[in-house]
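Note that the coordinates shown come from a computational prediction; the quantities given were computed from them, not determined experimentally. All values below come from the heavy atoms of this structure, side chains included, with hydrogens, waters and symmetry mates left out.
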Amino acid sequence: MLGALVMLTGLTIRDFILVRALDLDLGGGFSALTGETGAGKSILMSALGFALGARAGQGLIRPGADAASVTAAFDAGPDHPVRALLSARGLDELQDEPLVLRRVMRKGGPARAFLNDHPVSASLLEEAGALLADIHGQHEGLGLLNPSRHRVLLDAWAKSDALLAETGRAWTALRCAEEVRLALEARISRATSERTWLAHALEELDALDPQEGETQKLALDRAAMQAGERVAEALESAAHLLAKANVEGALANAGRAVSRALSAPGLTGEGASSQLAVRMRAACESLERALIETGEARSALDNAASTCEFSPAALEASETRLFALRAAARKHDVDSDQLAALRRRLRMQLDEIEHSDGALTLTRDAESKARAAYDAAATKLTAKREAAAKKLARAVSDELAPLKLAKAKFRVSVTQKAEPSPAGRDDIAFEIETNAGAGFGSLDKIASGGEMARFALAVSVCLAGSSPAGTLVFDEADMGVGGAVAAAIGERLARLGKDKQVLAITHSPQVAAAATRQLKVSKADAGGEVVTSVDMLGAKARKEEIARMLAGASVTKEARAAAGRLLAGA
């Protein structure tokens, strides 16, 4: 059972109301907390409620103290729902650890919440606490008496997991279909208002016909052609300078002049100046070589110029195309290489307008089918809840008479929510009518605290196997009753204790005798301070405490004998 997977193992209280310091170790089964009126039994329940996220005020701090703190330690199985809750809130590291819930209230400040020393919100502490323990007393209820949990409890009791999952999936599909339809309607609405602009913009882009990566290619081609232009200009300039300077003519003339000089009489024949002739012939040869090299240079320039593929028209066409693409990109506020994608997007928007009726029909049909699937799943879930509600009402009603609530009537109200949800279309509420004709009302409106606790006991008995809360706390469920009714309360608490951890604050000896163990809460003056303590009672002390509960201040032999019979009968 779910409840068997979790148990309160310890409660540590510091400077809370009248309690200075208290450390309480707890076991499984049914534990009765007894003690004289005013000893502080209900403070323990209030302290546990504080640790589990109940509302808190400065009045909880013990007079003279600066802060109040309560720590509740729980053992919870790995599959307990509280583990899934913590995982969903990002606390996966707590999956394998016992859970320690701590709450601190300082003077002049708000209450702070911690889970295994991780600061958490009060709402998370309350959510986790509701899965761990149900507290039922004469004041505000936690867990079972929290109306927001009634749907969860009924579904768990009805074993509606499969239908809940189906309804949740159908809800998700419906929301997705609605979002698709709304998004399409919004796009069509925007596009329709811009239809003229879209058509004109698309016409311009179609005329421009931008291609993927075209801008980058044009820029590279342009750079290459600009480099070719500079080369052609350089070659042309070099050839012009050679022609203008008439270097070849000058070299030829110079060579002829030197050749004529070599034929002079003084340089030929016997006795000629051989040294001068040698030098002049060297000069003539140099001029001839220079003339040859100059001719080769001119030929090389001509060959290079003929090889240079530069077209001013091609450069102009490339620049014109590049500038047109960039102008269009600036107009549409996109990168020039995104123009092709923009063109496709605009065409899709225009096509969407042209075919909007068909597209809308498809999305609306899909939404209608998703809604029908959700309605079918939610209807089945409602039917299962309504059937379970009647069975649970009968089961609880069978428990009421033995608890002196014979005139009370219980029902589980299943009404349609204003808005559907992933959990269906139903609001679930546990309601009771305490007197015939008074009308049904919510549990927290019951006037008598004792009635509230007994009623919570009846419901808890019926829900024992389905509630995730493994710890149940009852504050004076036996108020105003005795005899057979008190015995019935004790028997039911003991029955709950077989699968749950049950703590019951009681003044009834019959209830106390039915418990697996008994703890005595007492109060004493210590150095001018009131100190509350809790002691686990052994067999002898327990018999004496039950005898006190039977006889009052003066314990008689008859009371001790009666206490022995109660314990033996239990």
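Distance alone, capped at 3.5 Å, places no donor-acceptor pair between the R542 side chain and the G538 backbone. Under the 3.5 Å distance criterion, the side-chain polar atoms of Q510 are left unmatched by any main-chain donor or acceptor of A486. No donor-acceptor distance shorter than 3.5 angstrom exists from the side chain of R112 to the backbone of R106, with no hydrogens or angles considered. A donor-acceptor pair is defined here as one N or O able to donate and one able to accept, closer than 3.5 Å; such a pair exists between the side chain of T172 and the backbone of G168. When atom types are taken as modelled, the side chain of R103 and the backbone of F50 share a donor-acceptor pair closer than 3.5 angstrom. At least one donor-acceptor pair closer than 3.5 Å links the side chain of T9 to the backbone N or O of A73. Side chain of E399 to backbone of V459: no donor-acceptor contact under 3.5 angstrom is found. Using a distance-only test at 3.5 Å, with no hydrogens or angles considered, no donor-acceptor pair links the side chain of S368 to the main chain of R364.
Using a 4.0 Å cut-off between charged nitrogen and carboxylate oxygen, K417 and D427 count as a salt-bridge pair. Ion pairing of D117 with R102 is present here, as a side-chain N (NZ or NE/NH1/NH2) and a carboxylate O approach within less than 4.0 Å. Between R548 and E545 there is a salt bridge, since a side-chain N of the basic residue sits under 4.0 Å from a carboxylate O of the acidic one. Ion pair E367/R371 flagged as a salt bridge, since at least one NZ, NE, NH1 or NH2 atom sits closer than 4.0 Å to an Asp/Glu carboxylate oxygen. Using a 4.0 Å cut-off between a side-chain N of Lys or Arg and a carboxylate O of Asp or Glu, R495 and E491 qualify as a salt bridge. Between K380 and D375 no salt bridge is recorded (no basic side-chain N to carboxylate O distance below 4.0 Å).
Between Q58 and G108, the shortest heavy-atom distance links the atoms OE1-N, 3.0 Å. Nearest heavy-atom pair, G424 versus L381, reported as atom, atom and distance to 0.1 Å: CA-CD2, 4.3 Å. Across every non-hydrogen atom of A72 and L8, the tightest pair is CB-CD1, 3.9 Å. Nearest heavy atom pair, residue E36 against residue H507, reads C-CE1, 4.5 Å. Considering every non-hydrogen atom in both L403 and A458, the closest pair reads CD1-CB, 3.9 Å. Shortest non-hydrogen contact noted between S460 and L496 is O-CD2, 3.5 Å.
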_side-chain hydrogen bond (donor to acceptor under 3.5 Å, both in side chains) between E97 and N116, worked out_ = CA-CA 9 Å; E97 300 179 12; N116 289 43; 2.9 Å; yes
*What do the steps show when you test L472 against L503 for side-chain contact (heavy atoms from CB on, under 4.5 Å), and what is the final call?*
CA-CA 6 Å; L472 305 179; L503 306 176; over 6 Å; no
*Take Q416 and R425, measure what side-chain hydrogen bond (donor to acceptor under 3.5 Å, both in side chains) needs, and give me the verdict at the end.*
CA-CA 6 Å; Q416 187 166 326; R425 297 176 301 201; 5.4 Å; no
*Take F410 and F455 through the ring-ring contact (aromatic ring centres under 6.0 Å, His included) test and state the conclusion after the steps.*
CA-CA 9 Å; F410 170 73; F455 186 80; 5.3 Å; yes
*Please test K390 against E386 for salt bridge (Lys or Arg N to Asp or Glu O under 4.0 Å), starting from the C-alpha separation and ending with a verdict.*
CA-CA 6 Å; K390 292 177 182 178; E386 288 174 342; over 6 Å; no
*Derivation of the side-chain contact (heavy atoms from CB on, under 4.5 Å) call for D15 and R20*: CA-CA 4 Å; D15 295 319; R20 181 176 63 186; 3.9 Å; yes
*Stepwise salt bridge (Lys or Arg N to Asp or Glu O under 4.0 Å) test for E127 and R89*: CA-CA 11 Å; E127 286 183 72; R89 299 301 179 86; 2.6 Å; yes
_From CA spacing to verdict: side-chain contact (heavy atoms from CB on, under 4.5 Å), R83, L99_ = CA-CA 10 Å; R83 300 295 187 183; L99 300 180; 3.4 Å; yes
*Does the pair L360 and L362 meet the rule for a side-chain contact (heavy atoms from CB on, under 4.5 Å), with working shown?*
CA-CA 5 Å; L360 271 178; L362 289 176; over 6 Å; no
*Determine, step by step, whether S121 and S123 satisfy the side-chain hydrogen bond (donor to acceptor under 3.5 Å, both in side chains) criterion, reporting the C-alpha distance in whole Å, the side-chain angles of both residues, the deciding distance to 0.1 Å, and the verdict.*
CA-CA 5 Å; S121 66; S123 61; 3.0 Å; yes
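The OG atom of S31 lies 12.0 Å from the CD1 atom of I505; values are rounded to the nearest 0.5 Å. Here I135 contributes atom CD1 and D475 contributes atom CG; the two are 10.0 Å apart, rounded to the nearest 0.5 Å. Within the model, atoms NZ of K500 and CG of L493 stand 13.5 Å from one another, a figure rounded to the nearest 0.5 Å. Interatomic distance, L33 CG to R517 CZ, rounded to the nearest 0.5 Å: 11.0 Å. Between the NE2 atom in H150 and the CG atom in D155 there is a gap of 13.0 Å [rounded to 0.5 Å]. In this structure, the separation between CG on L124 and CG on L85 is 5.5 Å, given to the nearest 0.5 Å.
Using a 4.5 Å heavy-atom threshold, the side chains of V82 and L132 count as touching. Inter-residue side-chain proximity for L48 and L11 is flagged as met; some heavy-atom pair is nearer than 4.5 Å. The shortest side-chain heavy-atom distance between T71 and V100 falls under the 4.5 Å cut-off. Between F474 and L457, the closest side-chain pair of non-hydrogen atoms falls below 4.5 Å. Residues Q518 and T34 are in side-chain contact: their nearest non-hydrogen atoms beyond the backbone lie under 4.5 Å apart. A 4.5 Å side-chain heavy-atom check between I432 and K409 finds every atom pair outside the cut-off. Counting heavy atoms from C-beta on, the side chains of L125 and L52 never come closer than 4.5 Å. Counting heavy atoms from C-beta on, the side chains of L44 and L22 come closer than 4.5 Å.
A ring-ring contact (aromatic ring centres under 6.0 Å, His included) check over residues 372-405, counting only residues at least two apart or in different chains, returns the pairs W171-Y374.
Under the 6.0 Å distance and 45° angle rule, R411 counts as a cation-pi partner of F440.
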